[in-house]
Amino acid sequence: MLHRAVRESLATFLAESAEAGGQPRYVERDFVGYLECGILARGFSRVRCRTCGDELLLAFSCKKRGVCPSCNARRAHDTAAHLVDKVLPSVPYRQWTLSYPKRIRWHLARDVRLMADVRSLFLRALFGYLRARARALGFGGQPGAICFEQRFSSALALNPHLHVLVAEGLFVAPAVEGAATFQPLPPPDDEVEALLLTVATRTVRLMKKRGLLDDAAFPTSAHDLTLAASLQHRLPFPPQPLPPRKRRCAFLEGFSLHANTHTHPHDRQSLELLCRYGARGALSLSRLRRRDDGRLEYRMKRASPDGSMLLLLTPLELTRRLAALVPPPR
């Protein structure tokens, strides 16, 4: 269904974008690569079993990071398996999820260097919090974390945010030569609000220092217009109240920080699921369905402000949304 929708609408989308300056090359390459992914005519490997002599043809994959759900799913599984098997030690982990206000998301989506700077800012603040808690308990050490950047929401809207898996404690170097030991820390509580205040203040200060929060001209390029439309798709709905306060969750002027998901030191399966969730792609084919009238129906994880759980999109509208979610090259 997705392949058919992109195939039907890509030429129209690129033509209308060309009138406003065109899409970036990496967006076009991502769509073209997806349309050629798994097509034997575009190249394949010949695989033969040495035991029985059976053969099959394995089509080349596009290995893109934006549109293709197959390559995204395979990369997420491989990344999660590698982290759990080869990288992450058997210690407790907590997932910290940081989201930004829409005005800041606009700049994060357009500038990969800015995204890297705000990610480093958040990690420094988080590590400082962990070290301060350790000092209060009478020990020191080094924190550890894995950070996943995501550009999307469950409604296929542009939403750059961070998922950070943090070891809930510090790795303490031994007095003599040997392996480091892990010293756990108690879970956070009210400290989540204080940490969010620190991160929000420093992020806004960084944005103002670079002049990014000043009134700017309306976007004129085709890609900027695509990003703006993806960010603002919910504005026609009435404003919604803040969700009820949950433990280890904080909200502040569009910023939000969630830290209530954690894993046991020996629960490697849950840890792998968290890693897979952080590395996943934007679109899930299991939630996409084609209606009899030709429109596409996409089921969201959470209800929209009007209470609906479904997105009804034409193939062209779906292509526009996916174009905003293609990550720029680093």
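This structure is a prediction, so every number in the text was calculated from the model and none was measured. Numbering of residues begins at 1 and proceeds along the displayed sequence.
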SB check Asp111 Arg113 (cutoff 4.0 Å): no
N-O pairing of Arg321 and Glu317 below 4.0 Å: no
Fellow cluster residues of [X], listed by chain then number, with links counted only when side-chain atoms sit under 4.5 Å apart:
X     : answer
Val84 : Leu83, Val87, Leu88, Val91, Tyr93, Ile146, Phe148, Leu165, Phe171, Phe182, Leu271, Leu274
Leu56 : Val47, Leu58
Phe44 : Leu40, Leu57

From CA spacing to verdict: salt bridge (charged side-chain N to carboxylate O under 4.0 Å, His left out), Glu16, Arg320: CA-CA 11 Å; Glu16 69 177 17; Arg320 290 195 190 108; 2.8 Å; yes
Which distance, rounded to the nearest 0.5 Å, do you find between the [atom1] of [X] and the [atom2] of [Y]?
X      : Y      : atom1 : atom2 : answer
His258 : Arg247 : NE2   : CZ    : 16.0 Å
Arg287 : Met309 : CZ    : CE    : 8.5 Å
His163 : Cys147 : NE2   : SG    : 9.5 Å
Leu311 : Leu318 : CG    : CG    : 9.5 Å
Leu296 : Leu316 : CG    : CG    : 11.0 Å

Asn159 and Arg105: CA distance, side-chain angles, deciding distance, side chain to side chain donor-acceptor pair (under 3.5 Å) verdict: CA-CA 6 Å; Asn159 180 16; Arg105 294 177 199 173; 3.1 Å; yes
His107/Tyr100 aromatic ring centres below 6.0 Å: no
Under the side chain to side chain donor-acceptor pair (under 3.5 Å) test, residues paired with [X] that sit two or more places apart:
X      : value
Asp267 : Ser270
Arg4   : Glu8
Arg46  : Glu55

Transitive ILVMFWY side-chain link Leu283 to Tyr277, under 4.5 Å: no
Connected via hydrophobic side-chain network under 4.5 Å: Leu312 and Leu322: no
Nearest heavy-atom neighbours spanning Ser286 and Arg299: O-NH2, 4.0 Å
Residues which pass side chain to side chain contact (heavy atoms under 4.5 Å, CB included) with Leu123, listed by chain and number, not counting sequence neighbours: Arg119, Val164
Donor-acceptor contacts, no H, no angles, side chain residues 194-211, under 3.5 Å, sequence neighbours left out:
{"from": "Thr198", "atom 1": "OG1", "to": "Ala194", "atom 2": "O", "distance (Å)": "3.1"}
{"from": "Thr201", "atom 1": "OG1", "to": "Leu197", "atom 2": "O", "distance (Å)": "2.7"}
{"from": "Thr203", "atom 1": "OG1", "to": "Val199", "atom 2": "O", "distance (Å)": "2.7"}
{"from": "Arg210", "atom 1": "NH1", "to": "Asp117", "atom 2": "OD2", "distance (Å)": "3.0"}
{"from": "Arg210", "atom 1": "NH2", "to": "Asp117", "atom 2": "OD2", "distance (Å)": "2.5"}

Please tabulate, for side-chain N and O atoms in residues 28-35, each donor-acceptor pair with protein atoms closer than 3.5 Å (sequence neighbours left out).
{"from": "Asp30", "atom 1": "OD1", "to": "Val67", "atom 2": "N", "distance (Å)": "2.9"}
{"from": "Asp30", "atom 1": "OD2", "to": "Gly66", "atom 2": "N", "distance (Å)": "3.2"}
{"from": "Tyr34", "atom 1": "OH", "to": "His3", "atom 2": "N", "distance (Å)": "3.0"}

Taking only residues at least two apart or on different chains, which pairs with a member in [range] satisfy salt bridge (charged side-chain N to carboxylate O under 4.0 Å, His left out)?
range            : answer
residues 31-42   : Glu36-Arg42
residues 124-148 : Arg133-Glu191
residues 60-89   : none

Neighbour count above 12 (heavy atom, 6.0 Å) for Arg25 CZ: no
